[in-house]
Each structure stands twice: as structure tokens, then as C-alpha cells.
Amino acid sequence: MPTPRVAAIHDLSGFGRCSLTVAIPILSAMGVQCCPLPTAFLSTHTGGFEGFTFLDMTEEMPRVSRHWKSLGLRFDAIYSGFLGSERQIDIVAEFIQDFRTERTAVVVDPVMGDDGRAYQTYTPAMCAGMTRLAELADVITPNLTEAAFLLGRGYSELPGGGVRSPHDETALRHLVEDLSLGGRRSVALTGASLSPGKTGAMCFDARTGRTEAVQTDFIVHPLHGTGDVFASVLTGALVQGRSLAEAVREAADFIRICAERTVAQDLPLREGVDFEPLLCRLMHQE
Ligand code: PXL
């Protein structure tokens, strides 16, 4: 099988393990070529650090896209995450329209917020734009906060009022079905807990029409960047030809072992998931 290729549209945060500093090593370990299209360069991520720098890459992105187009590049997946400005919504939408083929998986991680609140740099207009962008996706990977934003619902209207877990299974199933836009896109809703001490994802697979829960042991919250680790492993597994449920299982299990390692060392949660020594677990023998 030729090496699959993914265009990864995320920020590059120098410290704090998220976005491209997670996506590039994870996809590489999985035997997937990652082509980064940075949305911003930050000194750290915006969750739990003060005084971070932020270089907006909006102007550069269409230039990169035009060059890649002139080279005739093709991607097995287009995977987007944290965006740096409202204008980037249209730039990423155009990128998807330009590069999407029959065999391209479009994975939109609708990064907007957590714990019921938007991230510091996200405006209401960006959140509204993210909902439009996510309509182009084959697969979305929201957390519960992002699910509320996508559906225009209050966080407190979600299963468990957003904050209490475990969540009601029927309510989670209805939620992913609502997020699927009538079965048009697949959904992996993260942070879904079906029983005490467990967490994982509730999935809707648009290919089969099936709704399925994937659960693993709950280790700790809030561990920064778990959403990025999840969506990166999921994207890697999808381009390797796995089903949505198999890809979600691999992502959830990898996060669990990384979270165990992070907590065992008592590392600051804002420094993210201590995943590097565990990358070998994502490698498959040829
Ligand atoms: O993990 C999501 C994320 C990605 N990139 C940046 C962030 C965050 C969440 O805070 O700040 C820069």
C-alpha cells in the first residue's frame, strides 16, 4: 500500500503538546505522511498559559494552497482543527473543495472550546463559521462543548447538563444522530461516559447508519490536547482503511495509556499528554 498522505490544517504551538506538535508525530508513527498547513504559530496553546504569542497565518494559507494545487498534490485525508481567524473558515472550505476527491476523507475537528466555554481566541463569529465548515466533513470529532455550539444548544441542555457524568446513553445516541445532519456525516463525540470511571466516544457511522459507544477507563480531566491526540489517531486509522469504530477504539486506547503515564509522573496537565515514549504502540509491522 502506498504511504497515505494527510493535509493537516492546525496551529503550531511551540510548547504544550497540541495540534501540529501532536498530529505530525502521531501520523508519522502510524506510517502516514503529514503535510502541515499551519493556521497560526503560538508560543504555547491558549489553555492555562498567560501571555502567549500569536502569529496569524491567514495571509499565507491561500498561497500554500495555490502552490500545492500547482504541484497536483493529492491527499487521502484533509484534517482540520484549531483555526486562527474568522477568514480561515472560507480558506479551509475552499481548500476542501479544491483537494477533495472520491477517496479523500475530510475530518473536521471543530475545535472551539471545552467545559462549556469557547477558547480565548475564538469569537462567536468563528464558532458560527466552524459550524458551516463542519458541514463539509465526512467525519467530525466534537467534545460535548463543541457539540452544543454546533447544534446551537446550551451546554446545560446536553446529556448530564454538560457537567454530570455518566451520561444517559439514549440521550448521547440522539445527540450524535442530531450531529450527523440526517446521516450525512459520521460523528465521534468525545468525552462520552456511559458508566462511572469510564469515558470514550459515542459514534455514528454514516456508512453503516450504526450508532456505537466505545468506552475505556477514565484517567484524568482536564488533560490538555487529548482531543488533538484523539482526532490525529482517528485520522491515521481511517486512512489505513479502518472502520470508524475501529479507529475510535485505537484512539481511545492510546489516550488511556498516555494519560496513565502522564498522571503517574504527576506532570502539569497544561503540558499535555506525555505521548512521545508511547508512539511505538501506534506502529504496525509491515
Ligand atoms: O487542543 C486544542 C487547542 C489547539 N490549539 C491551541 C489551543 C487549543 C486549546 O486550548 O489553545 C492553540
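Numbers for residues simply follow the sequence, beginning at 1. In listed order, ligands and their atoms are each counted from 1.
Ring-plane geometry between Phe75 and Phe95 is classed as tilted, the angle between the planes lying from 30 to 60 degrees on a 0 to 90 degree scale.
Checking Phe49, Phe54, Phe82 against atom 7 (C) of ligand 1, the nearest heavy atom belongs to Phe82. Closest heavy-atom approach to atom 11 (O) of ligand 1 among the candidates Thr46, Thr39, Val22: Thr46.
For ligand 1, none of its N or O atoms has an N or O atom of Thr44 under 3.5 Å away. Between Tyr119 and ligand 1, no pair of N/O atoms sits closer than 3.5 Å. Taking only nitrogen or oxygen atoms, main chain and side chain alike, His45 does not reach within less than 3.5 Å of ligand 1. Below 3.5 Å of separation, one finds an N or O of Ser19 facing an N or O of ligand 1.
With respect to Glu59 and Arg87, a salt bridge is recorded, a charged nitrogen being found less than 4.0 Å from a carboxylate O. Electrostatic pairing of Glu177 and Arg173 does not count as a salt bridge here, judged by no charged N lying under 4.0 Å from a carboxylate O. For the pair Arg17 and Asp274, the salt-bridge criterion is met [side-chain N within less than 4.0 Å of a carboxylate O]. A salt bridge links Arg63 to Glu60: at least one charged side-chain nitrogen sits closer than 4.0 Å to a carboxylate oxygen. With salt bridges taken as basic N to acidic carboxylate O contacts below 4.0 Å, none links Asp138 and Arg185.
For Gly227, the closest heavy-atom approach to ligand 1 does not fall below 4.0 Å.
Atom CD of Glu276 has more than 12 neighbouring heavy atoms from other residues, nucleotides or ligands inside a 6.0 Å radius.
Residue Ser13 approaches ligand 1 through these ligand atoms, each under 4.0 Å from one of its heavy atoms: 12 (C). Which parts of ligand 1 touch His224 is read off a 4.0 Å heavy-atom cut-off, strictly below it: atoms 1 (O), 8 (C), 9 (C), 10 (O). Against a heavy-atom cut-off of under 4.0 Å, Gly47 is close to the following atoms of ligand 1: 10 (O).
Residue Phe149 holds its CZ atom at 9.5 Å from OG1 of Thr131, rounded to the nearest 0.5 Å. The distance from atom OG of Ser193 to atom CD of Gln215, rounded to the nearest 0.5 Å, is 6.0 Å.
For Leu42, every heavy-atom contact with ligand 1 shorter than 4.0 Å involves the side chain, none the backbone.
Among all protein heavy atoms, the one lying closest to atom 5 (N) of ligand 1 is Asp11 OD1, 2.7 Å. Of the protein's non-hydrogen atoms, Asp228 OD2, 2.7 Å is the one closest to atom 1 (O) of ligand 1.
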